[in-house]
Amino acid sequence: QVQLVESGGGLVQAGGSLRLSCAASGRTFSRYDMGWFRQAPGKEREFVVAINWSGGITNYADSVKGRFTISRDNVKNTVFLQMNSLTPEDSAVYYCAAGARGISRSERMYDYWGQGTQVTVSS
């Protein structure tokens, strides 16, 4: 079993910034590809960004490109999501996920999921 725990969510004004963290335990997560997804009320879960832990390859959704940055610390088994220039459209529960079958934008390729952390951006 593996565990992923997100933190860092909260309430922020439009134009502000938040830094999310996802701490992993139970496995050697340096070998896992990691992704961030989000889900707003009444909407399906959507892809945000993914990172290949070994190759440094990243893929960003068009909606966050230039504003969000994913990074990793394999020594601490932690992945981060720096979110800048936030808008109300970014409000959602943010989930981190881990997969071992290659970097992907599809949630079907991820095996482990965190509990989510709420991000709310006010107008």
> Does atom CZ (Arg101) have a neighbourhood of more than 12 heavy atoms from anything else shown, all under 6.0 Å?
yes
> For a quick test of reading the model, state the closest non-hydrogen atom pair linking Leu4 to Cys22 and the distance between them.
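That would be CB-SG, 3.9 Å.
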> Quick one: are Leu86 and Phe68 in side-chain contact, heavy atoms under 4.5 Å?
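Leu86 reaches Phe68 side chain to side chain.
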> Evaluate the side-chain proximity of Trp36 to Met83: yes if any heavy-atom separation is below 4.5 Å, no if none is.
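A side-chain contact is absent here, since even the closest heavy-atom pair is not under 4.5 Å.
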> State, to 0.1 Å, how close Val48 and Val64 come at their nearest heavy-atom pair, and which atoms those are.
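Reported closest heavy-atom pair: O-CG2, 3.6 Å.
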> At their closest point, which heavy atom of Ala50 faces which heavy atom of Tyr110, and how far apart are they?
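Looks like CB-OH, 3.4 Å.
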> Of all heavy-atom pairs between Leu18 and Gly8, which one has the smallest distance, and what is that distance?
CD2-O, 3.9 Å
> Would a distance-only check, ignoring hydrogens and angles, find a side-chain to backbone donor-acceptor pair under 3.5 Å from Asp73 to Thr78?
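Not a single qualifying donor-acceptor pair exists.
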> How long is the span from the CZ atom in Arg19 to the OG atom in Ser7, to the nearest 0.5 Å?
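Arg19 atom CZ to Ser7 atom OG measures 9.0 Å (nearest 0.5 Å).
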> Could you check Asp90 against Arg67 for side-chain contact (heavy atoms from CB on, under 4.5 Å), going step by step and ending with a plain yes or no?
CA-CA 11 Å; Asp90 296 314; Arg67 299 187 298 120; 2.8 Å; yes
> Measure up the Phe37 and Trp113 rings against each other and bin them: parallel (under 30°), tilted (30 to 60°), perpendicular (over 60°).
tilted
> Tyr94 pairs by side chain to side chain donor-acceptor pair (under 3.5 Å) with which of Gln39, Glu6, Gln118, Arg38?
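Single side chain to side chain donor-acceptor pair (under 3.5 Å) partner of Tyr94 among Gln39, Glu6, Gln118, Arg38: Arg38.
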> Using a 4.5 Å cut-off on heavy atoms from C-beta on, say whether the side chain of Thr69 contacts that of Phe80.
no
> What is the distance from atom CZ of Arg105 to atom CZ of Phe47, rounded to the nearest 0.5 Å?
4.5 Å
> For the residue pair Asn52 and Ile103, what are the closest heavy atoms and their distance?
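The answer is N-CD1, 3.6 Å.
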